Each structure stands twice: as structure tokens, then as C-alpha cells.
> 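Please read through the structure below; I'll follow up with questions.
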Amino acid sequence: MPAKNDGPDDGATPTKSEQTRALILETAMRLFQERGYDKTTMRAIAKEAGVSVGNAYYYFAGKEHLIQGFYDRIAAEHQVAVREILDRERDLEARLAGVLRAWLDIAAPYHEFAVQFFKNAADPDSPLSPFSPESEHAREEAISVHREVLAGATKTKVPEELRDVLPELMWLSQMGLVLYWIFDRTEGRERSYRLAERGARLTARGVALARFRVLRPLVREVHELFTEFLPGMTNAIPDPAARRRTDP
């Protein structure tokens, strides 16, 4: 049975089903941190959460689905956390820097956990990979944030032909930040925050340069390079243009 993904998203009081699902997910995250991802079984998670093994599998088809639940939760929390900065700022660099800082703030409590399961997520064939089909929902949520970053940057003119390409490239740069953050051992992940600021500045300058027609083919070439050769990404991220062509 597929994992349930029916958590509340409208501020309503969680149902008993939603509370059970959240309990299982929270318990799994704690055990993953304490024992490691590989050494934690679904049976152990169910026992610790006080539910039957069958009930645990009803909500999550396996450990991989628990990680997808974690990805989805981080993505949902990030969507909420960026609202203030996106509503207030109109400068592209400020918007992007705020979005990246918000992600680092949300992810901070899970740093050691991320280190533990990174070896699984780094496998391009693993469903835990951020490029996998199983991660599509969280990935699309993250890319949608970058679309909004660009759309609301009224001080920066984004060429029409690059509006579908740039958000995906910005998300890829965020994945680079995530990888750096996993290995960052500085206090408070200070260097990751500095990288976020520098990365936002560089991205904003690159987007500004993209207004020159002569440079647009270069941007598209970089995008095609990643989508064709990056392990796990080929055909994983839907082509927005193709999706529009097939929509009724």
C-alpha cells in the first residue's frame, strides 16, 4: 500500500490519523539519529511509537518512505518560512539569500541525521536521492520556491525563454549548498551561511547578465549539461514546456 501523505495543510486540528502518522515520522527521525539509518528497522520504529508494525506500514511503505516524509516536511516548513522575505523583498539577491538562510535555519536540528543517511541519499539509484522519482514532490516544492523568487524580483528582468530553466539551476545550486552544509563542522554552520550569501550574490549577477541575448544560449547549455549528465537527474525533473504542451 502506498505511503499516506495526508497531513494537514490548512491549519485545522490534526485528525487522529494525521497525529499517528506524525508520531511515526518523529519517532523514526529520532531513532535514525540515535542508531543510524541502516540499523533502524520498521519494527523498532513501530515499537518505539507504540503502534503495530502493520499500522506503521499502513502510513509508510518502508524506511525510504519515512525519509520522503521527512523531505516533504522540510519542504512544507520551508514554504512557510520564506513567506515573510518573499512578501517584503523585491531585490533578487535579497530574496534568494533569505530563501537559502531559511532552509539552513529549518535544517539545523537535523544536521547529524543528514550526515548519517547521506551515503544512502548519494546513491543515484536510491529512492532517497533528491533526484529520484520518489523525491519528485519535495523537489518540485523546492523548485517552485525558486520560481517565486524570480517572479517577484521586480528589479531584475528575466528573459521569457529562461524563466523555466533558471529555477531548476537555482535549485541545483541549493543542492550544492546542502552538500557543503552536510560536511560543514563550523560552529552554527557559519561557513554554510556565508556560502549562501555569496551564492545568492553570484546568482543574482548571473541572472542580471542573462538579459543580454548573447549569453542566453550559455545558460541553456549549462542547464542541458546538468540534465543530460548529472547522475539521477536525467529525465527526473519534468520539462515544464513539455508539460504545458500535453496539458488539455
Side-chain angles (χ1 to χ4, degrees), residues 71 75 78-79 82 85-86 89-104 121-125 129-183 192-248:
Y71 286 166
H78 191 225
Q79 288 270 3
V82 300
I85 187 73
L86 295 182
E89 294 289 348
R90 289 294 172 261
D91 176 74
L92 178 57
E93 180 181 338
R95 287 169 70 82
L96 182 55
V99 162
L100 296 178
R101 285 195 304 268
W103 190 91
L104 291 171
D123 180 354
D125 295 322
S129 166
F131 304 107
S132 71
E134 292 84 354
S135 300
E136 181 178 0
H137 180 266
R139 182 172 61 244
E140 280 298 317
E141 286 288 293
I143 294 174
S144 73
V145 170
H146 289 291
R147 290 194 186 103
E148 189 173 356
V149 167
L150 279 177
T154 55
K155 297 181 179 180
T156 302
K157 182 175 176 57
V158 179
E160 177 70 27
E161 64 190 271
L162 298 182
R163 287 179 185 172
D164 287 332
V165 170
L166 287 173
E168 292 180 359
L169 290 177
M170 291 163 67
W171 173 75
L172 282 170
S173 70
Q174 180 180 331
M175 289 299 97
L177 173 64
V178 172
L179 178 61
Y180 185 86
W181 169 79
I182 288 173
F183 291 98
S192 294
Y193 282 92
R194 286 171 52 196
L195 178 60
E197 298 286 343
R198 294 280 294 273
R201 186 179 312 138
L202 183 62
T203 298
R205 291 176 179 176
V207 172
L209 288 174
R211 72 180 186 272
F212 297 110
R213 188 173 296 276
V214 69
L215 294 178
R216 295 177 197 174
L218 177 61
V219 176
R220 299 197 68 87
E221 181 70 20
V222 170
H223 179 261
E224 291 171 4
L225 180 69
F226 279 117
T227 55
E228 185 172 353
F229 292 104
L230 188 64
M233 188 175 176
T234 304
N235 298 323
I237 296 181
D239 178 1
R243 187 161 54 239
R244 284 197 302 271
R245 288 194 297 270
T246 57
D247 286 342

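Side chains are part of it too, since the values below use all heavy atoms of this structure and drop only hydrogens, waters and symmetry mates. Only a predicted model underlies this, so the values are computations on that prediction, with no experimental measurement involved.
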> Just verifying a value: how many Å separate His146 NE2 and Ser144 OG, rounded to the nearest 0.5 Å?
9.0 Å

> Under the 3.5 angstrom rule, does the side chain of Thr156 hit a backbone N or O of Ala208 as a donor-acceptor pair?
no

> More than 12 non-hydrogen atoms from neighbouring residues, nucleotides or ligands closer than 6.0 Å to CZ on Arg90, yes or no?
yes

> CZ/Arg147 to CZ/Arg163 distance, rounded to the nearest 0.5 angstrom?
13.5 Å

> Kindly compute the distance separating OG1 (Thr203) from CZ (Arg201), expressed to the nearest 0.5 Å.
11.0 Å

> Should Leu195 and Trp181 be marked as a side-chain contact (heavy atoms from CB on, under 4.5 Å) after you check the CA-CA gap, both sets of side-chain angles, and the distance that decides it?
CA-CA 9 Å; Leu195 178 60; Trp181 169 79; over 6 Å; no

> Which pair of non-hydrogen atoms, one from Ser135 and one from Ser129, has the smallest distance, and what is that distance?
OG-O, 2.7 Å

> Looking only at heavy atoms, which two atoms of Leu172 and Phe131 are closest? And how far apart?
CD2-CE2, 3.7 Å

> Identify whether the distance between the nearest side-chain nitrogen and carboxylate oxygen of Arg95 and Glu89 falls below 4.0 Å.
no

> Working to the nearest 0.5 angstrom, can you tell me the gap between Trp171 CH2 and Met175 CE?
5.5 Å

> Give the intermediate values and the outcome of side-chain contact (heavy atoms from CB on, under 4.5 Å) for residues Leu92 and Lys155.
CA-CA 7 Å; Leu92 178 57; Lys155 297 181 179 180; over 6 Å; no

> If you compare all heavy atoms of Met170 against all heavy atoms of Val149, which two are closest, and at what distance to 0.1 Å?
CE-CG1, 3.9 Å

> Using side-chain contact (heavy atoms from CB on, under 4.5 Å) as the criterion, point out the one residue from Leu150, Leu162, Leu169, Leu96 that pairs with Val207.
Leu150

> So, taking the atom named OH in Tyr71 and the one named NE2 in His137, what distance separates them when rounded to the nearest 0.5 Å?
15.0 Å

> To the nearest 0.5 angstrom, please state how far the CD atom of Gln174 sits from the CG atom of Leu100.
5.5 Å

> Restricting to non-hydrogen atoms, name the atom on Leu177 and the atom on Ser192 that form the minimum distance, rounded to 0.1 Å.
CD1-O, 3.5 Å

> Quick one: does Glu93's side chain get under 4.5 Å of Arg205's, heavy atoms only?
no

> Are the side chain of Gln79 and the backbone N or O of Glu141 linked by a donor-acceptor pair below 3.5 Å?
yes

